[in-house]
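Per chain, numbering begins at 1; letters A, B, ... match sequence-line order.
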Number of protein chains: 2
Amino acid sequence: MKQFFKEIFPVTQTSITDIEEKIEFVDLNKGTVFIEKDKINKKEYLLFSGICKSFLFNADGDEVTLSFYSGNAVLTPHTIRTQHNKSLLYFKTLTPCRLGLIDAENFIALMYTHEDIKNFANQILKNELMTKLEKEIGLLSLSAADRLKNFRVKHTNFENLIPHTDIASYLGITSISISRLRKALIHK
Amino acid sequence: MKQFFKEIFPVTQTSITDIEEKIEFVDLNKGTVFIEKDKINKKEYLLFSGICKSFLFNADGDEVTLSFYSGNAVLTPHTIRTQHNKSLLYFKTLTPCRLGLIDAENFIALMYTHEDIKNFANQILKNELMTKLEKEIGLLSLSAADRLKNFRVKHTNFENLIPHTDIASYLGITSISISRLRKALIHK
DNA sequence: TTACGATTTTATCAAATGATAACGACAGTA
DNA sequence: TACTGTCGTTATCATTTGATAAAATCGTAA
């Protein structure tokens, strides 16, 4: 737990303790859809280990990968819950994952009583927004090869840990294309 | 004002009046950058007429268009547009625009005292997130031609009102491509 | 009106990406 | 061990998109 917050946004030992006592820990196998679109959800999710992704289905019924998360990280509140507590997205594990769940209302209460926890939450939101902006800029103005290069910097070794189809649907290309790009990038 | 809220999210006459008395109205010529990245900003923006866009610059220094807004509409809310009261994005007018500005803190105060204004704000936020998701899905899984088709449905007649370069940078293609696609789509 | 500058279109060619199919590698299982 | 299904690669060909340059169009100001 200490390490978790140290990596993301340092908070006091008191805050860590107060969060920890409200957390429910869960271990999931890979390939588990643990948040479903349009379903009621009232939890916050801390990812302690493993890799998971958020996704939707396009008009053809294919999965479209929006974001990856790898421990240690926090899944973003906004997309998991709208004002009616319904998720906008699906989430699934791509490797075995260890998650920490907190009741969202409890967590909000902690934000009010602990200034550093509020700052922590703001940092999470900021990170997510910046990541989204960077991704959109990449999609709008970079070639697939450059998007893959950026992906490698941001998500080191993911190509050896999760299916390439998930990476392809994140980059907006086919899995055949990613294979071709991987070959082309070897000599560069 | 009545028409504005009627189109977006109906609120009571009392709420309209309470908002209206805190609004500052502004008329801008086309091509005016009225929100700048990294500059202090503490306002909410209501767009009563005209078309504007949010944008950033990519690594090559080219404008990347993120979203379009046309009256009547509300621009990206302060909460997700800024961090520490500094804007994450640029906004500029693409036609003459009539805007209404409200101090963000004043607006939040109204949300606490008026349930319908809070719901209105939540609706704006949700719409913004949904629009973003739809755009990302399009970028990830549609051809440029299909993205243009969708754009035409969502932004009727924009091709006759704003520069095609802005539309191209929104769709992630060159202005030459958009011209080619326009020709190809005439016979379909 | 003419002239100028910005925008849009067109043409040509090269490069990137998709579609389809076949092949190979690999893990799990009977 | 052989079988099976999943995943990744490779090959071929068609299509899409970009780059560059030139021409056409449009709006605005002199």
| said: Can you classify the ring geometry of B:Phe48 versus B:Phe25 as parallel (below 30°), tilted (30 to 60°) or perpendicular (above 60°)? | reply: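 Taking B:Phe25 first and then B:Phe48, their aromatic rings sit tilted (interplane angle of 30° to 60°).
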| query | Hey, is the side chain of B:Arg182 poking within less than 4.0 Å of OP1 or OP2 on C:dT8, counting only N and O atoms? | reply |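 Negative; the distance criterion is not met.
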| Do B:Lys53 and B:Tyr170 meet the cation-pi criteria used here (NZ or CZ under 6.0 Å from the six-membered ring centre, within 45° of the axis)? |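 Not satisfied by the 6.0 Å and 45° rule.
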| query | Looking across every strand, which nucleic acid part, if any, lies under 4.0 Å from B:Ser177 by heavy atom: base, sugar-phosphate, or nothing? | reply |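 B:Ser177: backbone/sugar contact only, no base atoms under 4.0 Å.
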| Could a donor-acceptor pair under 3.5 angstrom be found where the side chain of A:Arg180 meets the base of D:dG8? |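 There is none.
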What is the separation between atom [atom1] on [X] and atom [atom2] on [N], rounded to the nearest whole Å?
X        : N      : atom1 : atom2 : value
A:Ile186 : D:dT10 : CD1   : P     : 8 Å
B:Asp146 : D:dT15 : CG    : P     : 16 Å
A:Leu139 : C:dT17 : CG    : P     : 12 Å
A:His164 : C:dC26 : NE2   : P     : 13 Å
A:Leu161 : D:dC7  : CG    : P     : 16 Å
B:Arg147 : C:dT17 : CZ    : P     : 12 Å
B:Ile178 : C:dT7  : CD1   : P     : 14 Å
A:Leu142 : C:dA16 : CG    : P     : 14 Å

| Taking atom CD of B:Gln3 as the centre, does the number of heavy atoms from other residues, nucleotides or ligands within less than 6.0 Å exceed 12? |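 Yes, CD of B:Gln3 has more than 12 neighbouring heavy atoms, counting only those of other groups under 6.0 Å.
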Closest listed nucleotide, where the reference is the side chain of [X] and the choices are [options]:
X        : options                : value
A:Ile176 : D:dG18, D:dT10, C:dA11 : D:dT10
A:Ser143 : D:dT9, D:dT10, C:dT17  : C:dT17
A:Thr174 : C:dT17, C:dT9, C:dA19  : C:dA19
A:Lys183 : C:dT8, D:dG8, D:dT10   : D:dT10

| task | On DNA chain D, check which nucleotide each of B:Ala145 and B:Lys30 is closest to and give me the residue with the more 5' one. | result |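 The answer here is B:Ala145.
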| request: Report the distance from atom CG of B:Leu66 to atom CD of B:Glu63, rounding to the nearest 0.5 Å. | output: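 Going from CG on B:Leu66 over to CD on B:Glu63, the span is 10.5 Å.
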| query | Does a side chain donor of either B:Tyr69 or B:Thr76 reach within less than 3.5 Å of an acceptor in the other side chain? | reply |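 Indeed, the side chains of B:Tyr69 and B:Thr76 share at least one donor-acceptor pair under 3.5 Å.
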